[in-house]
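Presented below is the structure to which this report refers.
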There are 2 protein chains.
Amino acid sequence: MTREPYGQRRDDDRSAVRRPASIKDVAAAAGVSPTTVSHVLSGNRPVNEQTAARVRSVVNRLGYVPASLARSLQAGSTSVIGLLIPDISNAFFAELAKGAEDAAHDLGYGLILCNTEFDAEREDRYLGMIRSRFVDGMVYASGSAPSRRRLEALMGKFPIALADEEVDGLERALIATADHEAGGRLVGEHLRELGHRRVLMLTGPRGLRSGVARATGFVRAFGGHVVERVGDFKEASGHRLVAKLLEEGGLDCTAVFAANDLMAFGALAALTEAGLSVPGDISVVGFDDIRAASQINPPLTTVHQPAYDVGRTATAQLLQYVSRGEVPPASRHTLPVTLKVRGSTAPAAR
Amino acid sequence: MTREPYGQRRDDDRSAVRRPASIKDVAAAAGVSPTTVSHVLSGNRPVNEQTAARVRSVVNRLGYVPASLARSLQAGSTSVIGLLIPDISNAFFAELAKGAEDAAHDLGYGLILCNTEFDAEREDRYLGMIRSRFVDGMVYASGSAPSRRRLEALMGKFPIALADEEVDGLERALIATADHEAGGRLVGEHLRELGHRRVLMLTGPRGLRSGVARATGFVRAFGGHVVERVGDFKEASGHRLVAKLLEEGGLDCTAVFAANDLMAFGALAALTEAGLSVPGDISVVGFDDIRAASQINPPLTTVHQPAYDVGRTATAQLLQYVSRGEVPPASRHTLPVTLKVRGSTAPAAR
DNA sequence: TGGGTTGTGCAAAACGTTTTGCATCCCTAG
DNA sequence: CTAGGGATGCAAAACGTTTTGCACAACCCA
């Protein structure tokens, strides 16, 4: 009494939940070995056309789809990468994510969205995905200081690309970033030329090299007095910081430079709520140039960052590395920024 | 001559690329079996504390992290789901995505971003991820008509939840959606009360049940004459459709109802460029209430949708299903919408 | 003394692929 | 008649886990 070599079931077939067809099931039904099925489907080796046709018909009949998990395990890679960003509802990161997703899709990769809210625990968990090799690589676009340290420890061992961020003292880094320093400089020059001498600078969380670059460029080009307050890139924090200064009567500045457009919006709102006119009494400048910046009233003067390109470039670089196994030389793409002068800036009041 | 039972390398160790440590390497170094290592790490069975300590120390020394792929293969699930949306740079979907990501994170799931641009090929590829079981489930938030048909074929076999979408004739569906029909009705009533009798309705791509619901609700409540044009939910299409009608001199309407805010923005721009005043000459209404809607000039009258909650609810429902293996009864959450009356609507001109 | 229980750890199967080496058959050229 | 070789397809190993059944020792209670 012979037993079928493949596809035998251990329990009988009346089980309620049907296990999806495996390559063994196909092989058994077509009367061939799993090897042959694999070859038919992958084209890796020639198979007799008649046999192949039979296999294909069984594949269709059974609705067989190869389990990508098993395939990935065998191949040693998953064709998925992660994108770590703080806030997908920030239009800047949404645009960046779109660029990343496009680049990933072009090379047949999936993209896992790692939205962290600057939460260290959350960042850690997502960074763990690369250590457990569930993702082939990671595009890192800004996180909190602690995760930054973990990141730097990882960068030597795993494929990681930085989008719109920098890192100190690492030679072999893949970086695509807008020219933040130039952006800061442009704003500094603009405000100086308008006669401003004291500005309030709203920064993002500490520990972000991109933020440092913006501030450096700005301070250097501006030359006047700079009051600094630390926010978190959200609209609410811009509002809160400005409102607080206003209450305390300590806003003796003629301009506000926010680290991103969202905080600029918040600042703008706080100022108008306090009865101040923008740009009549005080000027406001943002950073990013998200869509709403040109639609708000008054239209916001801001630095345009090519968010889509930053995301796309960083991802493309990463994938060139992981997909072809190439180790690129330390590579940095610095994308140009431009100053969009709109209605929220004017010559200094006095 | 004895051979070590575990961890022997086939080629010598001077190979340039170091393979990450596996559970066998740990076992060999600690002088135990892989089984024991697994038990130490998972806590699935008690292990002698002394042995356990030794294993843990080796784990640290080798920097061992379990390969999630192998784990998933064995477990039969990946703890990852997909989110299929047309455009992440649309603030509505970004907000929805954020809700989905939050819900996924809460239950320890990862989220793959499937941004389709309504591109059928792209949708198909992403839908394939569920058939190959790379994702445990899918949250589907609107796609093109062809992918919709594929989706419906899939819904019986795989865990899929609909976010802000509907489906006909399917009992066992997981749905979380805003009340589109009520939204359309609110707009219809609002415009009727303002005395409008002819409105231009800019719809999204055909085949979206949510769009049909909006239109139905609107037409029924409005009662006047409705001119319909089909757009694609992008700002440019709103602009193009209105501009074209304007050129042809065929815009004999006193109001425009756009299927989403982005198209309303486009319409607004086209109207002002043509020298028309909003809402003086013509009123404009949107749908979604994305952040920019209240910031634009004039502030847009629109229907507020709880995008975050829609994403979060749909995802939570799906995960309750896939994570606990529970099969919920057909379940539909309809989330309330509200009309935000702002500055872009006024009584009909004549 | 003998049967049962508890503690401890290992072997082997299973998850579902791809890949490599080999066996068989048949044909052709020398 | 035989050596060589293409065509075809299979067996088995490998990827890295978790889980189940079992073995062995030590202990306890009757």
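Side-chain atoms are counted along with the backbone in the values below, which use heavy atoms only and exclude waters and symmetry mates. Computed from a predicted model, the values in this text were never measured in an experiment. Chain identifiers are assigned alphabetically (A, B, ...) following the order of the sequence lines, protein sequences preceding nucleic acid strands; residue numbering begins at 1 within each chain.
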Using the ring centroid of each side chain, check whether F134(A) and F158(A) are separated by less than 6.0 Å. no
Between atom CZ in R71(A) and atom C1' in dT18(C), what is the gap in whole Å? 9 Å
Side-chain atoms of S22(A) come closest, of dT17(C), dG9(C), dT19(D), to dT17(C)
Given atom CD of E49(A) and atom P of dG9(D), what is their separation to the nearest angstrom? 11 Å
Please pick, from dT19(D), dG16(C), dG21(C), the nucleotide with the shortest atom-to-atom distance to any side-chain atom of R45(A). dG21(C)
Would you classify T51(A) as touching base, sugar-phosphate or nothing, given that sugar-phosphate means primed atoms plus P, OP1 and OP2, and contacts are heavy atoms under 4.0 Å? sugar-phosphate
Candidate nucleotides dT18(C), dC10(C), dG16(C), ranked by approach to the side chain of L73(A) - the nearest: dG16(C)
Between CD1 of I23(A) and P of dA14(C) the distance, given in whole Å, is 18 Å
Considering heavy-atom distances to DNA chain D, does V37(B) or V47(A) have its closest nucleotide positioned more toward the 5' end? V47(A)
Nearest-Å distance, CG (N44(A)) to P (dC10(D))? 16 Å
Rounded to whole Å, the CG-P distance (L69(A) to dT18(D)) equals 14 Å
Nucleotide dT24(C), atom C1' - distance to CG of N48(A) in whole Å: 15 Å
Output one line per pair: protein atom, nucleotide atom from nucleotides 4-6 of chain C, and distance, for all N/O pairs under 3.5 Å.
none

Selected nucleotide, minimal atom distance to S38(A) side chain, candidates dT19(C), dG16(D), dC10(D): dT19(C)
Can you see whether Y308(A) engages D102(A) through a side-chain donor-acceptor pair at a distance of less than 3.5 angstrom? yes
Quick check: on DNA chain C, is the nucleotide nearest Q74(B) upstream (toward 5') of the one nearest G31(B), or the reverse? Name the residue that is more 5'. G31(B)
What about T35(B), does its side chain sit under 3.5 Å from the base of dA11(C) through a donor-acceptor pair? yes
